[in-house]
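First the structure, in the form of structure tokens, and then the observations on it.
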Amino acid sequence: MKINLSLPALPKHIAIIMDGNGRWAKEQGLNRTAGHEKGASTVRDITIHCSKIGIEYLTLYAFSTENWNRPRLEVEFLMKLLERYFKSELKIYLENNVKFKAIGNLSKFSSKLQKIIKDTEEKTSSCTGLTQVLALNYGSRDEIVRAVRKLNDNNLEVNEENINSSLDTSFMSDVDLLIRTSGEIRISNYLLWQSAYAEMFFTQTYWPEFSTDELDDIISDFNKRDRRFGGL
Ligand code: IPE
Ligand code: IPE
Ligand code: MG
């Protein structure tokens with residue numbers, strides 16, 4: 001593992017669209033499910049690395065509002081994988097002082113999975129290092145609709161500040177660096193509001209093969225970019 005201490009400034013918030021699990025597995029002659037398994041271990045490696053180098057927020061797209069359209073068996077596998085993931089990761093979160101948070105509409109999940117997610121949030125709530133956020137049954141459009149509804153229900157003015165504080169992501173700063181793996185160059189309904197001024201980075205690497213070295217290279221590239229936010 002390479003930790004580059006000479007980096008001038010780290011992105012505070014990194015968001016990743018973890019894509020390419022299925023294609024990686026197919027290329028290895030394996031079932032798509034093997035790609036999801038390997039992808040879960042990449043989540044662990046990247047999370048530990050981000051916590052070590054001092055990133056504040058790492059938001060990972062794990063299951064979209066559109067992913068319910070996949071074959072039933074794949075969806076069922078992903079739900080079971082999530083249950084197993086949280087059971088095994090609690091120790092890793094605590095060892096690395098990582099706080100876990102979920103965003104997305106969790107009410108669509110089984111009550112068992114919802115409880116595991118809530119328990120993991122509670123048990124890691126006093127961790128003070130990296131916050132790892134998993135986007136679960138997450139879609140930006142769904143999130144914005146739910147936020148505007150909250151404002152409506154509470155009779156609050158519709159303005160940027162109030163929308164921001166009603167989004168699932170209200171506890172975080174905007175995305176600084178948005179990465180998508182697997183060569184697809186699209187956003188797929190991810191953090192549309194929060195990425196308004198994010199620097200984007202697209203890599204061909206499939207998520208199961210994404211490494212901490214590649215992340216370091218992307219962060220170095222991020223540091224060379226001139227972020228103007230509409231100014232000069
Ligand atoms: C990303 O990998 C994981 C999820 C969306 C759950 P994919 O499953 O989309 O893999 P590809 O894009 O089919 O290769
Ligand atoms: C986006 O990947 C969702 C996640 C990574 C969880 P998809 O594979 O679902 O996106 P599309 O269908 O290629 O846009
Ligand atoms: Mg995909």
Side-chain angles (χ1 to χ4, degrees), residues 10-19 43 47 50-51 55-69 75 78-79 82 85-86 89 93 98-180 186-200 227-231:
L10 287 168
K12 187 169 171 181
H13 183 173
I14 299 178
I16 308 183
I17 302 173
M18 311 184 287
D19 199 14
V43 169
T47 300
C50 283
S51 109
I55 304 296
E56 275 184 53
Y57 303 106
L58 174 67
T59 307
L60 303 170
Y61 207 1
F63 193 87
S64 76
T65 46
E66 288 74 43
N67 286 149
W68 299 106
N69 297 327
V75 171
L78 288 168
M79 295 302 128
L82 283 169
Y85 169 83
F86 287 115
E89 287 317 280
Y93 289 131
V98 171
K99 182 186 292 195
F100 164 76
K101 298 277 276 177
I103 57 169
N105 184 353
L106 304 181
S107 67
K108 288 257 173 73
F109 293 125
S110 70
S111 46
K112 183 178 176 197
L113 182 54
Q114 287 183 53
K115 185 171 182 311
I116 297 172
I117 292 168
K118 280 276 152 271
D119 283 353
T120 309
E121 285 185 333
E122 279 165 22
K123 287 178 178 150
T124 61
S125 63
S126 51
C127 293
T128 54
L130 172 79
T131 300
Q132 185 223 54
V133 183
L134 285 191
L136 297 165
N137 187 30
Y138 177 88
S140 251
R141 289 181 171 184
D142 173 69
E143 180 194 32
I144 292 168
V145 168
R146 286 186 286 106
V148 174
R149 264 193 207 132
K150 272 185 224 162
L151 297 186
N152 207 19
D153 292 349
N154 296 309
N155 235 345
L156 287 166
E157 192 190 332
V158 179
N159 57 34
E160 288 195 15
E161 199 190 338
N162 284 345
I163 291 182
N164 241 330
S165 56
S166 304
L167 291 168
D168 298 348
T169 52
S170 59
F171 58 94
M172 297 192 269
S173 55
D174 279 353
V175 177
D176 297 300
L177 172 59
L178 177 70
I179 301 168
R180 183 172 187 143
R186 57 176 169 262
I187 299 298
S188 303
N189 204 8
Y190 194 44
L191 300 172
L192 302 180
W193 174 281
Q194 300 85 343
S195 296
Y197 270 100
E199 295 298 322
M200 312 239 169
R227 301 184 79 192
R228 290 189 290 278
F229 298 96

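The first residue of the sequence shown is numbered 1, and numbering continues consecutively from there.
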Keeping the roles fixed (side chain from Tyr61, backbone from Tyr138), state whether a donor-acceptor pair exists under 3.5 Å. yes
Quick one: CH2 on Trp193 to CG on Asn164, what's the gap to the nearest 0.5 Å? 6.0 Å
Tell me, do Ile144 and Leu167 make a side-chain contact under 4.5 Å, heavy atoms counted? yes
Gap separating the OG atom of Ser170 from the NZ atom of Lys150, nearest 0.5 angstrom: 7.0 Å
Donor-acceptor under 3.5 Å (Ser140 side chain, Leu191 main chain): yes
If the plane angle is over 60° it's perpendicular, under 30° parallel, otherwise tilted; pick one for Phe229 and Tyr197. tilted
Would you check if the side chain of Gln194 reaches a backbone N or O of Thr169 as a donor-acceptor pair within less than 3.5 Å? no
Partners meeting salt bridge (Lys or Arg N to Asp or Glu O under 4.0 Å) with Lys123 (sequence neighbours left out): none
Check for a donor-acceptor pair, side chain of Asn189 on one end and backbone N or O of Gly139 on the other, with a separation under 3.5 Å. no
If you measure from CD1 on Ile103 to CG on Leu136, what distance do you get to the nearest 0.5 Å? 8.5 Å
Counting N and O atoms only, with roles assigned by atom type, does the side chain of Asn154 sit under 3.5 Å from a partner on the main chain of Leu156, one being a donor and the other an acceptor? no
Less than 3.5 Å apart, any donor N or O on the side chain of Thr65 or Arg141 sitting next to an acceptor on the other? no
Less than 4.0 Å between a side-chain N and a carboxylate O, is that true for Asp176 and Arg227? yes
Under 4.0 Å between a Lys/Arg side-chain N and an Asp/Glu carboxylate O for Arg149 and Asp153? no
So NZ of Lys101 and CE of Met172: to nearest 0.5 Å the spacing works out to 9.0 Å
Are Phe109 and Trp68 near enough that their ring centres are under 6.0 Å apart? yes
Does Asn162 reach the main-chain N or O of Glu157 with its side chain, forming a donor-acceptor pair under 3.5 Å? yes
Charged N-O contact under 4.0 Å between Asp168 and Arg146: yes
Spell out, as yes or no, whether a donor-acceptor pair under 3.5 Å connects the side chain of Ser64 to the backbone of Asn67. yes
Does a donor on one side chain and an acceptor on the other come within less than 3.5 Å for Glu89 and Gln132? no
Say you draw a straight line from OG1 of Thr120 to OH of Tyr93; how long is it, rounded to the nearest 0.5 Å? 7.0 Å
